[in-house]
2 protein chains.
Amino acid sequence: MPDILPLEAFLPYRLVRASNAVSQRFAAAYKMRFGLTRPEWRSIAILGEVGEATATEIGRRSTMHKTKVSRAVAALEGRGWLTRRADSDDRRLEHLELTTKGRQAYRELVQLARSFQEDLVREMGADAAAALDQGLSAVERMPPARRR
Amino acid sequence: MPDILPLEAFLPYRLVRASNAVSQRFAAAYKMRFGLTRPEWRSIAILGEVGEATATEIGRRSTMHKTKVSRAVAALEGRGWLTRRADSDDRRLEHLELTTKGRQAYRELVQLARSFQEDLVREMGADAAAALDQGLSAVERMPPARRR
DNA sequence: AGTTGATAGTTGCATTTGTAACCGTTTAGT
DNA sequence: ACTAAACGGTTACAAATGCAACTATCAACT
């Protein structure tokens with residue numbers, strides 16, 4: 001008799017599936033509204049949050065690879081949503097900042113995100129949402145598999 | 001004063017991040033051991049679980065696009081880990097089944113997955129794991145965004 | 001029977017992504 | 001000062017992915 005593992009009971013699989021379901025739903029919203037990609041949305045989210053950051057810092061804070069950030073930033077710059085400012089001390093660094101247009105979009109994106117999360121919590125139920133929060137916090141506390 | 005949304009407090013982002021952290025760690029394990037891709041691992045997992053399935057059923061059960069399944073199945077067939085058997089009634093269907101070699105790998109993969117999950121639960125703590133389970137279940141209960 | 005529409009599965013093509021290499025700049029060690 | 005290593009950022013190339021079109025088959029309806 002075979003020893004089986006139901007995929008439905010396997011945490012990594014369940015996490016991926018839940019994450020896809022939820023984030024794709026949200027991605028559909030900001031893609032529909034602004035035509036943004038996920039790396040772009042994340043970059044805006046970081047810049048809106050911290051005001052100004054280098055590309056590396058965006059990557060660190062949003063868990064994105066340098067190349068993704070680089071491309072997202074280039075695209076957002078092309079839209080006129082952010083500007084680059086060279087660092088006077090270290091000429092490798094570029095300080096990025098949202099433009100007025102970028103901040104305006106950010107404001108709307110925050111609205112979108114808030115109402116999305118409210119709907120989500122309502123739909124799953126407050127206690128389940130609290131449980132999810134607790135579970136995710138524990139995962140976040142785990143040491144990363146391997147730095148690179 | 002700007003109205004900000006901390007990305008760290010946004011559920012979709014946290015879900016994606018947790019899911020990446022966990023599933024990439026596991027992926028590294030089966031990739032290291034067998035050189036499998038994620039679609040391949042999932043296809044094996046389904047076939048090992050249900051014994052026999054069509055490509056469409058694998059896709060449905062593992063939430064993968066047809067093309068992913070098609071390519072994964074082709075790769076696994078190339079390895080000699082599964083066989084195709086035409087349906088006698090409906091000649092569009094192909095019943096897929098693991099070979100002896102495939103089942104052997106499956107057995108080892110199940111071991112790998114079990115010990116991975118055990119480690120995971122131990123690392124996050126039993127109650128956090130239970131909370132995560134509860135939260136994920138609630139997400140799984142939500143209606144899918146859009147059928148295709 | 002014949003046409004239309006659906007379904008199973010594959011493949012071509014464009015887009016996205018990751019890896020590695022690269023350039024310019026800064027830091028550290030000698 | 002000088003070399004080597006490290007770092008920020010970009011880009012070239014390869015691999016993975018998704019979409020759409022396609023083939024073959026089946027089902028339904030006339």
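Hydrogens, waters and symmetry mates are skipped; everything else that's a heavy atom, side chains included, is used.
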Given atom [atom1] of [X] and atom [atom2] of [N], what is their separation to the nearest angstrom?
| X | N | atom1 | atom2 | result |
| --- | --- | --- | --- | --- |
| A/Leu36 | C/dT16 | CG | P | 13 Å |
| A/Arg38 | D/dG18 | CZ | P | 12 Å |
| B/Arg60 | C/dG9 | CZ | C1' | 16 Å |
| A/Glu57 | D/dG9 | CD | C1' | 15 Å |
| A/Arg42 | C/dT16 | CZ | P | 16 Å |
| A/Arg71 | D/dT11 | CZ | P | 9 Å |
| B/His65 | C/dT15 | NE2 | P | 17 Å |

**Request:** Start with the C-alpha distance between A/Phe26 and B/Phe10, add both sets of side-chain angles, then the distance that settles ring pair (Phe, Tyr, Trp, His ring centres under 6.0 Å), and finish with yes or no.
**Result:** CA-CA 11 Å; A/Phe26 180 57; B/Phe10 189 48; 4.9 Å; yes
**Prompt:** Taking atom CD of A/Glu49 and atom CG of B/Leu5, what is their separation to the nearest 0.5 Å?
**Reply:** 7.5 Å
**Prompt:** How about B/Arg17 and A/Ser62: does a side-chain donor come under 3.5 Å of a side-chain acceptor?
**Reply:** no
**Item:** Short side-chain donor-acceptor distance under 3.5 Å, A/Tyr13 and B/Ser23
**Value:** no
Are any of [X]'s side-chain N or O atoms less than 4.0 Å away from OP1 or OP2 of [N]?
| X | N | value |
| --- | --- | --- |
| B/Arg91 | D/dC26 | yes |
| A/Lys68 | C/dG18 | yes |
| B/Ser70 | C/dT10 | yes |

Just the atom pairs and distances: protein N or O near nucleotides 1-8 of chain D's N or O, under 3.5 Å.
residue: D/dC7; atom: O2; partner: A/Arg92; partner atom: NH1; Å: 2.7

**Message:** Using a 6.0 Å distance limit plus a 45 degree cone around the ring axis, check whether A/Arg79 lies over the aromatic ring of A/Trp81.
**Reply:** yes
**Asked** Taking only residues two or more places apart in sequence or in another chain, which ones pass salt bridge (Lys or Arg N to Asp or Glu O under 4.0 Å) with A/Arg14?
**Response** B/Asp133, B/Glu140
**Request:** Side chain of B/Thr37 only, please: which of C/dG18, D/dA16, C/dT11 is the nearest?
**Result:** D/dA16
**Asked** With a 4.0 Å cut-off, would you call B/Arg85 and B/Glu52 a salt bridge?
**Response** yes
**Asked** Side-chain donor or acceptor of A/Arg84 under 3.5 Å from a matching atom on the base of D/dG9?
**Response** no
**Prompt:** Counting any heavy atom closer than 4.0 Å, what does A/Asp87 reach on the DNA or RNA strands: base, sugar-phosphate only, or nothing?
**Reply:** nothing
